[in-house]
2 protein chains.
Amino acid sequence: MLSVSAGEVRPSHAPIGMAFPLDAHHAARPLEFVDVTKRACSTCSIRSVCLPPDLTAAELTRLDSIICSSRHIRRGEALFRSGDTFQSLYAVRAGSFKTVVMHRDGQEHVTGFQISGETLGLDGVCSDRHNGDAIALEDSVVCIIPYAQLEAICREMRSMQRHVHRMMSGEIVRESDLMMLLGTMTAGQRVAAFLLNLSARFRARGYSAAEFNLRMTREEIGCYLGMKLETVSRMFSKFQRDRLIDTHGKEIRIVDLEGLEQV
Amino acid sequence: MLSVSAGEVRPSHAPIGMAFPLDAHHAARPLEFVDVTKRACSTCSIRSVCLPPDLTAAELTRLDSIICSSRHIRRGEALFRSGDTFQSLYAVRAGSFKTVVMHRDGQEHVTGFQISGETLGLDGVCSDRHNGDAIALEDSVVCIIPYAQLEAICREMRSMQRHVHRMMSGEIVRESDLMMLLGTMTAGQRVAAFLLNLSARFRARGYSAAEFNLRMTREEIGCYLGMKLETVSRMFSKFQRDRLIDTHGKEIRIVDLEGLEQV
DNA sequence: CGTCTCGTTGACTGGGCTCAAACCGAGTGG
DNA sequence: CCACTCGGTTTGAGCCCAGTCAACGAGACG
């Protein structure tokens, strides 16, 4: 069951831009102590996640020249909101976000969670306005990628063009996987798929695949998976009883990965 | 309620390529009688739907040179299938398609329906392979847009680059709207949103917004909306009783648009 | 300490699924 | 012409999963 958005992580055509050293995500020290603005794509420790592999030194320098600024967002604050004019893409360097689309009647739905090394803002390209909110789940830092300049670079550098297109297409594929999850799976399967997907993404970025902290509440998870927070909680409890996972609040340890895949 | 994927049709950054004269979609005469291969983007009757508005004559000629071929697909046949190597995008010129993602265990989910003037194939960019199947719902014709050449053009023509990026982003936004539908709406709301969305898309292309034929079965609609065919049928019957619509099999007439919006 | 947010658990309800039967229209063939 | 099939659709009856409402517990914080 449920390999879709779970088992495999798709080829990671994630963001353009920089990201933190790998241990920063779970580091306890306050963000202000890390001098982020000095970093550049060319020296970024996880640039293999963000950039196409085949860039020349000259191309890297060119990139450094446009992606120079970063921004700190405190927990609960918005990186952008629905309706904001679209100017830049963002690469998560540290921390994590949720993206939310809202209805005028107050209904809202979480369309995704982004951890370090992933991209935000592609929804704004089509109408020059953002289509939803991006909210920090913890104190976070993003690289700012001015979109106009990125487009210019794509016209010059074929590999960057390819990379950006793959990023966009990857987003499309990711969403259609999620649609399948929402359209066809039971509550248990959704939660299992969610955990497996998160696990794979952490592994792909060098963190532990078996043990991690959820930065989002049960309600946010439910809102993402199309169910109520109580149901999410029940599923966690059930998986615990079945010895598939071990949870204490937001701490998760995956005990039986195969079992979880077969839910 | 439910404007998201229903009420408004987003700024139509639909496909690059040509499309049929407006009446062809519902025409009864066999497709073979229409000489599609002679048409070019520059003379296409609905190029305003497919192309950016600000192209010079020279640019149009350039386009004509790459988008020259079309392909006929018979009802039930596949334009491409999951796993096929990705080479081209497709613009629907006549007819309609569904896109389907399948699971190894046989579970399948319809991720979208495409009518004339809309695009297919963007899912393939990210991994050089198509991620799902595209199946013709009736005998159909598509324009073939070789992707490598499209990328080249995007590096030359800023307006085409913009257009392609908007198309991709539009797909992302459309899918996140659909996710909201799947994640938060009741069966009745989903069916209403589906009908309103279809209606708006027909109107945008010059067809009647109030009366149209569904080219897909109840089962396909259900698979798209995340519910069983019986439930779809029941909702149609309910809307009929409530004097919101008028149905005879696949023929639909929207009687009370506002009522449908308020479901 | 009280307050507040978040998480867990239980009891009850109901919307949508399952199973089943019948209907309808389009072909198809006698 | 009718009979027959067949895919798609409609409708009903019963059931179950997940939503709702509610109480309570745990931890963070002033």
Side-chain angles (χ1 to χ4, degrees), chain A residues 1-2 28 74-76 98 106-110 135-139 181-195 213-242 245-253 263, chain B residues 1 28 75-76 98 107-110 135 137-139 181-195 213-242 245-253 263:
Chain A
M1 247 272 75
L2 56 77
R74 223 159 300 171
R75 178 194 153 92
K98 63 171 175 179
Q107 274 283 40
E108 65 177 50
H109 190 248
V110 174
I135 313 287
L137 296 175
E138 57 191 310
D139 293 356
L181 177 147
L182 290 171
T184 69
M185 292 184 183
T186 65
Q189 293 171 331
R190 291 178 202 201
V191 173
F194 168 73
L195 290 174
N213 278 358
L214 299 175
R215 295 299 153 96
M216 65 293 282
T217 66
R218 301 289 190 262
E219 179 161 31
E220 286 162 338
I221 296 172
C223 201
Y224 176 63
L225 298 176
M227 54 210 243
K228 294 287 119 165
L229 67 101
E230 293 94 328
T231 309
V232 176
S233 181
R234 273 184 247 276
M235 290 305 145
F236 277 141
S237 303
K238 180 176 184 303
F239 290 163
Q240 176 112 302
R241 272 198 307 281
D242 298 350
I245 63 171
D246 218 358
T247 79
H248 296 93
K250 294 203 187 317
E251 291 158 35
I252 297 275
R253 194 163 62 83
V263 169
Chain B
M1 246 275 74
R75 178 194 150 91
K98 63 171 174 177
Q107 276 282 41
E108 62 176 52
H109 191 248
V110 175
I135 313 287
L137 296 174
E138 58 192 309
D139 293 356
L181 178 145
L182 290 171
T184 70
M185 292 184 182
T186 65
Q189 292 172 331
R190 293 179 200 200
V191 173
F194 170 72
L195 290 174
N213 279 357
L214 299 174
R215 295 299 152 95
M216 65 294 284
T217 66
R218 301 287 189 264
E219 180 163 27
E220 286 162 338
I221 297 172
C223 202
Y224 176 62
L225 298 176
M227 54 210 244
K228 295 288 118 163
L229 68 100
E230 293 95 327
T231 309
V232 177
S233 181
R234 271 183 249 275
M235 289 306 144
F236 278 139
S237 304
K238 179 175 184 302
F239 291 161
Q240 176 111 299
R241 274 197 308 279
D242 298 349
I245 62 171
D246 218 358
T247 79
H248 297 94
K250 294 202 185 315
E251 291 157 36
I252 298 277
R253 195 163 62 83
V263 168

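Each chain gets a letter, A, B and so on, in the order its sequence line appears, and its residues count up from 1.
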Grab the [atom1]-[atom2] distance between [X] and [N] for me, whole Å please.
X	N	atom1	atom2	answer
A/K238	C/dT8	NZ	P	16 Å
B/M235	D/dT10	CE	C1'	14 Å
B/E251	C/dG25	CD	P	11 Å
B/K228	D/dT10	NZ	P	17 Å
A/L229	D/dG19	CG	P	10 Å
B/R190	C/dG15	CZ	P	14 Å
B/I252	D/dT9	CD1	C1'	12 Å
A/N213	C/dC6	CG	C1'	15 Å

Practice task
Taking the side chain as every heavy atom from C-beta outward, state whether A/R75 and A/L137 have any pair of such atoms under 4.5 Å apart.
Solution key: no
As an exercise, state the distance from [atom1] of [X] to [atom2] of [Y], rounded to the nearest 0.5 Å.
X	Y	atom1	atom2	result
B/M235	B/R190	CE	CZ	10.5 Å
A/D246	A/E251	CG	CD	10.0 Å
B/T231	B/R218	OG1	CZ	12.5 Å

Practice task
Assign A/G226 to base, sugar-phosphate, or nothing according to its heavy-atom contacts below 4.0 angstrom with the strands shown.
Solution key: sugar-phosphate
Practice task
Assign A/T217 to base, sugar-phosphate, or nothing according to its heavy-atom contacts below 4.0 angstrom with the strands shown.
Solution key: sugar-phosphate
Practice task
Among the candidates D/dT9, C/dG16, C/dT8, find the nucleotide nearest to the side-chain atoms of A/S237.
Solution key: C/dT8
Practice task
Please confirm whether any donor atom in the side chain of A/R234 sits under 3.5 Å from an acceptor in the base of D/dG19, or the reverse.
Solution key: no
Exercise for the section: Answer with yes or no whether A/E230 presents, from its side chain, a donor or acceptor under 3.5 Å of a partner atom in the base of D/dC21. Expected result: yes
Exercise for the section: Would you indicate, yes or no, if D/dC17 has its OP1 or OP2 atom less than 4.0 angstrom from a side-chain nitrogen or oxygen of A/T231? Expected result: no
Exercise for the section: Ignoring backbone atoms, test whether B/K250 places a side-chain nitrogen or oxygen under 4.0 Å from the OP1 or OP2 oxygen of D/dG8. Expected result: no
Handout entry: Side-chain donor or acceptor of B/S237 paired with backbone N/O of B/S233 under 3.5 Å
Key = yes
